[in-house]
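For reference, the structure discussed in these notes is given below.
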Protein chains: 2
Amino acid sequence: MTGLSRMLSILDLFGEASPLLTVDDIITRCNYSRPTGYRYVRELVSAGLLVRADGGYALGPRIIELDWLIRRHDPVLTRSREAVRALARRAACTVSQMGLYADRIVTIHLEQGPEPLVVGFDRGRPMPLFRGAPSRAITAFLPRPRLARLFDRHRDELTSAQRERGFDHFHDELQASRKAGYVISRGELDPGKVGIAAPVFRHDRTVAGSLCLVMTEARYETANAEALVQRLLDATAAITAVLRSGRPADLV
Amino acid sequence: MTGLSRMLSILDLFGEASPLLTVDDIITRCNYSRPTGYRYVRELVSAGLLVRADGGYALGPRIIELDWLIRRHDPVLTRSREAVRALARRAACTVSQMGLYADRIVTIHLEQGPEPLVVGFDRGRPMPLFRGAPSRAITAFLPRPRLARLFDRHRDELTSAQRERGFDHFHDELQASRKAGYVISRGELDPGKVGIAAPVFRHDRTVAGSLCLVMTEARYETANAEALVQRLLDATAAITAVLRSGRPADLV
DNA sequence: CTTCAAATATCATTGAGTGAGATTGATGGC
DNA sequence: GCCATCAATCTCACTCAATGATATTTGAAG
């Protein structure tokens, strides 16, 4: 483990249960010496990734600034922005945009529709890998070996039924979604909420993420699901086309 | 300059003009060797702070996740949340919350009021140090030596008039705001927008940040400024009290 | 398959990083 | 102001991780 990664792993200590940490917390949990711990913390503070706070250290303002840069200027978000907005308008729904990164699925954007909805899985909140339409619209389109790896590495996220039935069964179930081209989930992420999701693909044809329409059960039950799905698939196709055609030079 | 800081300074290369960088860009601008540049980039990618994208590297998903943690669990934001929300309601205004960090002032939260407003200085966007009520409500309450340091280090942010008149004059002008306890600025940040801002103090009585009511000119001209100022000062006093009384154990 | 750009490996060198222990600085209570 | 305590930094001997010139491999596109 390099000094660089040791330092950066301090960031992974911060979580919902520990938004504020003392250096003692940090050096104990990482098993670093005190001077080394202080050095790393000092560097992270200088870079703005941590900040000195009452009672310890917290995540720093530079993160907020970098996130602003992502929201406003990230190449993927920039180029899909118009399609996502159009979808929120045409489907009259909240739209959640997911990205796939190694073993993680992250909400990278939330676009509110005409009737704003409070969504538990807000932008940046860690997504379950196997639960909910947004994630399943991604995992369903992974190459089998990669899915197998995820399945093995993240058994803690599986239900006991999924674990018992094993990977082959899990994979077969996802194939049905893959064939349909979209996934619907009801109450899997937020009680009383329904998600309809479809994947977005990269330039190299691998799945890059997904778009998900989020709505209440009541809305879903009175909706024309086919129309919603159609608008969703139009949007994901548009984004896939944009991501495929683009070159950096396209960025203004 | 340590290897740690050299690696972290790569993050500073990303900006509005360059949301996407190749390793060549990075090693040229930082003057690192190719293997070193790739090593640093690989570490940042492993930590999720950068991500491989078409045409180069972009800021990574971990930043979005960390920002979620800040929005939801940061100690300062958590403890000021209720007061900020109440202010947005009672003033029927968008409220912008600033934090002061070393030489930077950062919008750490934006609370929309009943009539949502598009604010140019969105959460995380770099704030001018000396322009606009949100910043001036902070700089006005800085100890004189610290303000002098800011003035010297950030001459590029001064108007030529401010530069000519010098620091003493600049300081004296800010003293008037300090005496009033709040600052009003019209069109300094966003054309057609007015800001009314007041400072928030830390446990050790140093200025920690500010709260700012943001509204259109038309709204301001038809408003009872005294009532707005009063509600603002009530809120900043409440937050100051909360920040002064708290202990980590207060966090739930 | 070929070409080229992106990324990684090799390896000699050295100085940056490390941690045990000592010292300093800051804060709060009396 | 003094004292105790905790937070943070410094010293220094040692070592091994980091570095960069150069070579090699990998991946993508045509």
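Order of the sequence lines sets the chain letters (A, B, ...), proteins ahead of strands, with each chain counted from 1.
- Geometric assessment of A:Arg104 against the ring of A:Tyr101 yields a negative cation-pi assignment under the 6.0 Å and 45° thresholds.
- Between B:Ser33 and D:dT19 there is no side-chain polar atom (N or O) within less than 4.0 angstrom of OP1 or OP2.
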(request) Using a 4.0 Å heavy-atom cut-off, write out nucleotides 5-15 of chain C from 5' to 3' as B (base contacted by protein), S (sugar-phosphate only) or - (no contact). (result) -SBBB------
(request) Give the intermediate values and the outcome of side-chain contact (heavy atoms from CB on, under 4.5 Å) for residues A:Arg202 and A:Thr240. (result) CA-CA 6 Å; A:Arg202 277 193 192 102; A:Thr240 294; over 6 Å; no
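- For the residue pair A:Asp204/A:Thr206, the side-chain donor-acceptor check at 3.5 Å is satisfied.
- Residues from residues 1-12 of chain B placing a heavy atom under 4.0 Å of any atom in DNA chain C, listed by number, are B:Thr2, B:Gly3.
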(request) Might you work through the side-chain contact (heavy atoms from CB on, under 4.5 Å) test for A:Ile26 and A:Val41, ending with a clear yes or no? (result) CA-CA 9 Å; A:Ile26 290 167; A:Val41 166; 3.9 Å; yes
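- If you check the side chains of B:Tyr40 and B:Arg6, you find a donor sitting under 3.5 Å from an acceptor.
- In terms of phosphate contacts, B:His203 brings a side-chain nitrogen or oxygen within less than 4.0 Å of OP1 or OP2 of C:dG28.
- The aromatic rings of B:Phe170 and B:Phe151 are tilted relative to each other, their planes meeting at an angle between 30° and 60°.
- The OH-P distance, from B:Tyr32 to D:dA18, rounds to 14 Å in whole Å.
- In this structure, CD1 of B:Ile27 is placed 14 Å from P of D:dT19, rounded to the nearest angstrom.
- Under the 6.0 Å cut-off for aromatic ring centres, A:Tyr57 and A:Phe14 do not qualify, their centroids lying 6.0 Å or more apart.
- Counting only distance, with no hydrogens or angles, the side chain of A:Ser210 and the backbone of A:Pro134 share a donor-acceptor pair below 3.5 Å.
- Base pairing in DNA chain D gives the following stems of 3 or more Watson-Crick or G-U pairs, range against range and under 3.5 Å: C:1-30 with D:1-30.
- Considering only side-chain N and O atoms, A:Tyr40 lies nowhere under 4.0 angstrom from the phosphate OP1 or OP2 of C:dG17.
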